[in-house]
Amino acid sequence: MAPPKKSKKAKRELKKSKKCKSMSVVPIEPRATESDWWDSFWQKNSPIPVFSATKWRNECNPFKNASVMKILYTVSDCSAIPTDEAEGFKFFFRVSKKTFDYICSLVRQDLVSRPPSGLINIEGRLLSVEKQVAIALRRLASGESQVSVGAAFGVGQSTVSQVTWRFIEAVEERAKHHLRWPDFNRMEEIKSKFETSYGLSNCCGAIDATHIIMTLPAVQTSDDWCDQENNYSMFLQGVVDDEMRFLDIVTGWPGGMTVARLLKCTGFYRNCEAGERLNGNIRILSEGVEIREYVVGGVGYPLLPWLITPCEYNDISSSMSGFKTNHEAARSLAVRAFSQLKGTWRILSKVMWRPDKRKLPSIILVCCLLHNIIIDSKDKLQPDVALSSHHDPGYGQQCCKQVDPLGKAMRENIAKHLQHGKEKAPSN
């Protein structure tokens, strides 16, 4: 007797059950986020190879293998990378782990809320916020190519580009409070430090400018961007306080301008001329003369009532000689700040290859913000981070002949007050 025929409905159900059995029952897990990025990075870039415990016991223990001991000493001695892990972290990213975590907290919302496609490493894991920040900091700190930075983190060039720009946008928006003009109380502290350290009463800071050199496509070249040394460059001007913290910056202007012309194109100049900045308490000196608030600058700047420049070279009076020494010491704060900035964030000291001139000011601003964050966080940088030479190597000194009579009178009064103070000081 033949078996009874199954109904069409029974056949469909049987077929469906077989299909379900053939499917994997393993639950689908969400794509993992790479959270152990530092261990991987340090293992890859440490001057001393990092081994697993098993490999160390079996193969690499230097007490059992003299050749391994020799390799360890050779790598450590020949590399500039610190062997200490905490110092190594600062070497690569310019900040301590504590400050790094703070920066991550500033930008976390932006980096998480707007994840572009493709932010994965070669193992297919999503990049953590910490690894994104590390990639961006390394790109800015080293100035190396996106390909080189990507290779160090196991990501591609396009990922480095995306991550760095998203980080720059986030810091530019979230870290504004780290670069602002001081309030009254803070300005009084700054003025007190300048007077104590340099004898300059009512001095509020030092000003200087530097060139960010770049190459441009032939279609974008012009005399405006070609500077005095025949480089294509963009200017960065900054006013710093007694701790070399930036209080005001301006960038985006062509390097072909003079420093004096650059100054007059800035909001800082307009505010000072309008009495809206450097308008604090007037200091009455012991000689009865009044000294308003001012900043000190180099000979490339005009002599103004609120911007005091060095005396003329032919003025060799004793009072001006003492003033010149004190003025130069105070002004050097701005010079050192730019050397520190361009040494810490080497992307600014290297020749940039065809940058987007609309985006470059944001890159420069973010480097200044990071510079201030380091100071505000009390971080100590590696001693050899700052540029060993001037921040504008190869550039001759510009000289501005503009002299405001009120500025000249101010300079003379400051010089006389310094001389008077020295004469009253008891001799040893």
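As a basis for the values below, the full set of heavy atoms in this structure was taken, side chains included, without hydrogen atoms, waters or symmetry mates.
Contact check for Phe246 versus Leu341: side-chain heavy atoms found under the 4.5 Å cut-off. Side-chain contact between Asp110 and Arg166 is absent, with no heavy-atom pair separated by less than 4.5 Å.
Remark: side-chain polar atoms of Asn231 are not paired, donor with acceptor, to backbone N or O of Asp227 under 3.5 angstrom. Thr251 places a side-chain N or O within 3.5 Å of a backbone atom of Phe235 that can act as its donor or acceptor partner. At least one donor-acceptor pair closer than 3.5 Å links the side chain of Ser332 to the backbone N or O of Ala329. Not a single donor-acceptor pair under 3.5 Å links the side chain of Asp392 to the backbone N or O of Thr210. Side chain of Asp248 to backbone of Val239: no donor-acceptor contact under 3.5 angstrom is found. The closest donor-acceptor contact from the side chain of Thr309 to the backbone of Val299 lies at 3.5 Å or more, if one exists at all. Formation of a donor-acceptor pair under 3.5 Å by the Ser349 side chain with backbone atoms of Arg346 is found in this model. In this structure, the side chain of Asp208 does not engage the main chain of Ala334 through any donor-acceptor pair within 3.5 Å.
Taking the ring centroids of Trp37 and Phe100, they lie under the 6.0 Å cut-off.
Under the rule for a side chain to side chain contact (heavy atoms under 4.5 Å, CB included), Lys44 has no partner lying at least two apart in sequence or in another chain.
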Worked verdict on Arg186 versus Glu189 for salt bridge (Lys or Arg N to Asp or Glu O under 4.0 Å) = CA-CA 5 Å; Arg186 173 58 187 147; Glu189 292 176 3; 3.1 Å; yes
key: Residues Gln398, Thr258; criterion side chain to side chain donor-acceptor pair (under 3.5 Å); working and verdict   = CA-CA 8 Å; Gln398 299 179 15; Thr258 64; 4.8 Å; no
request  = Start with the C-alpha gap between Gln237 and Tyr269, add the side-chain angles, then the distance that decides, and say whether side chain to side chain donor-acceptor pair (under 3.5 Å) holds.
outcome  = CA-CA 12 Å; Gln237 177 184 276; Tyr269 175 86; over 6 Å; no
task = Evaluate the criterion side chain to side chain contact (heavy atoms under 4.5 Å, CB included) for residue pair Ile135 and Leu127; output intermediate values, then yes/no.
result = CA-CA 10 Å; Ile135 290 171; Leu127 299 183; 4.1 Å; yes
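Using a cut-off of 4.0 Å between Lys/Arg side-chain N and Asp/Glu carboxylate O, Glu130 and Arg108 are scored as salt-bridged. Using a cutoff of 4.0 Å between basic side-chain nitrogens and carboxylate oxygens, Lys90 and Asp379 are not scored as salt-bridged. Under 4.0 Å is where a charged nitrogen must lie from a carboxylate oxygen, and between Lys193 and Glu243 no such pair does. A salt bridge is defined here as a Lys NZ or Arg NE, NH1 or NH2 lying under 4.0 Å from an Asp or Glu carboxylate O, and Arg331 with Glu328 meets this definition. The pair Glu188-Lys191 counts as a salt bridge, with a side-chain nitrogen and a carboxylate oxygen less than 4.0 angstrom apart.
Environment of CH2 in Trp306: crowded, with over 12 heavy atoms of neighbouring residues, nucleotides or ligands closer than 6.0 Å.
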